[in-house]
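Letters A, B, ... are given to chains in the order of the sequence lines, protein chains preceding strands, and every chain is numbered from 1.
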Protein chains: 2
Amino acid sequence: MARKAGSHADITGPAIRAAALRLFARSGYAAVSMRQIAAEVGVGAGALYLYTPDKQTLLFDLMQEHMTALLAAWEAVDKGSTPQDHLQAFVAFHIDFHIDRPDAVFLAYMELRNLSPGNFAAIEALRRRYENQLQSILENGSGTGAFKIDDARITTMALIAMLAGIHVWYRDGGRLSRDRIQTIYRELVRRTVSP
Amino acid sequence: MARKAGSHADITGPAIRAAALRLFARSGYAAVSMRQIAAEVGVGAGALYLYTPDKQTLLFDLMQEHMTALLAAWEAVDKGSTPQDHLQAFVAFHIDFHIDRPDAVFLAYMELRNLSPGNFAAIEALRRRYENQLQSILENGSGTGAFKIDDARITTMALIAMLAGIHVWYRDGGRLSRDRIQTIYRELVRRTVSP
DNA sequence: GTCTATATCCGGATAGAC
DNA sequence: GTCTATCCGGATATAGAC
């Protein structure tokens, strides 16, 4: 396809998203200017508006992509047969997926309040769908007697919060290997629901 | 003491802090203007600078007060004698203290990145002191055999994250009473560390 | 102690040249 | 497709009147 000299749409679009993700995660949506993002990419501020109608949509797209990728990746996981296997698979998946995407995770947890009401509702619905995956596992296992659970909804929120907390202290190359972290958290989760 | 007509320093100072706390928690530090805070209090924007040198210090003071109040309140708690009692007291205290201060809790967790480096270090040190309270309980109980714990630091972070997650879903007058929440989380924590 | 007015700067978003 | 220049609004913080 013919293209004008100086055109870089194929790389500029992704570069803008990557820069926005990094900067939003580091400094917060409200504290980052479109000029900063443009400077990071190496284009003028005006050029950004060829790729997004406005700053709000840029934030929303980043969050929506993260959440849909999360749900799609979980769909593709081999979940085993027993409720115990199912739960262990969820924990392993969650840790792996989140540890590889610290910026997107941070954004999805911290910038909800900077979404417009409509965008907020859309992201919340996706998050709720993900939470419900775990809640179903717990309810199934509770039904069969594989788990002992007081309140499935609260336990769901407690476990998700516990796992989400990893991003607070995890650093690449830190004291614990990824495998070790997986082992510790699998055991923590197993204990919280074991009969 | 004599005072000019129109003087309200004794109420304006606290009113500014209360308004800033509410607005920062609701919309985020970067998204709230000094004009908004002043309007909420019912004074002009310029008057704020009689009570704080700048916006950053206002944020820092709110966070520092919250953290020192948290540590002081925990010092005053009757902690029981056994490691199990000690841990249960921590959980009960944490839930009570945090459920009563949703705005301050939100601020302390969400606005760390909007602190200047020096202010950030000060707040982080206070947070670390609080985390260490729990970690000591776990290490003591692990030493006596009262608890079975893989990694005390990770378990500390996991439990704090789990408890902190309450603020995500808790609403006054919601499905669960405060007592019921305390009961559920005490049991969750007990299971995580029981031998 | 508070208000009004203002200095100074930076924000998002757009228009038109190349 | 990108750049430069710009509109326009709003930000923090200060100065001086009352």
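A close approach under 4.0 Å does occur between a side-chain nitrogen or oxygen of B:S33 and OP1 or OP2 of D:dA11. Distances shorter than 4.0 Å separate none of the side-chain N or O atoms of B:Y49 from OP1 or OP2 on C:dG1. Distances shown here put a side-chain N or O of A:Y51 below 4.0 Å from the OP1 or OP2 atom of D:dT2. Listed pair A:T12 / D:dT2 meets the phosphate criterion, a side-chain N or O lying under 4.0 Å from OP1 or OP2.
When distances run from any side-chain atom of A:K55 to the nucleotides D:dG1, C:dG12, D:dT12, the shortest one goes to C:dG12.
Look at OH on A:Y29: it is 12 Å from C1' on C:dG11, rounded to the nearest Å. To the nearest angstrom, P of D:dT4 lies 14 Å from CG of A:L48. We find that CE of B:M34 is positioned 12 Å from P of D:dA11, with the value rounded to whole Å. Taking atom CG of residue A:L23 and atom P of nucleotide C:dG12, one finds them 12 Å apart after rounding to whole Å. Rounded to whole Å, atom C1' of D:dA11 lies 12 Å from atom CD1 of B:I37. As rounded to whole Å, 11 Å separates atom C1' of D:dG1 from atom CD1 of A:I11.
Shown here are the side chain to side chain donor-acceptor pair (under 3.5 Å) partners of B:Q64, two or more places apart in sequence or in another chain: there are none. When the side chain to side chain contact (heavy atoms under 4.5 Å, CB included) test is applied to B:N140, no partner is found at least two apart in sequence or on another chain.
Of the N and O atoms on the side chains of A:Q135 and A:E139, at least one donor lies less than 3.5 Å from an acceptor on the other residue.
Both the sub-6.0 Å distance and the 45° axial angle are satisfied by A:R127 relative to the ring of A:Y109.
Each of A:G46 and B:G46 was matched to the nucleotide of DNA chain D holding its nearest heavy atom; the match closer to the 5' end belongs to A:G46. Of the two residues contacting DNA chain D, namely A:R35 and A:V43, the nearest-nucleotide position lying further toward the 5' end is that of A:V43.
The residues A:R128 and A:E124 are annotated as not salt-bridged, no charged nitrogen and carboxylate oxygen being separated by less than 4.0 angstrom.
Nucleic acid contact class of B:V41 (heavy atoms, under 4.0 Å, all strands): none.
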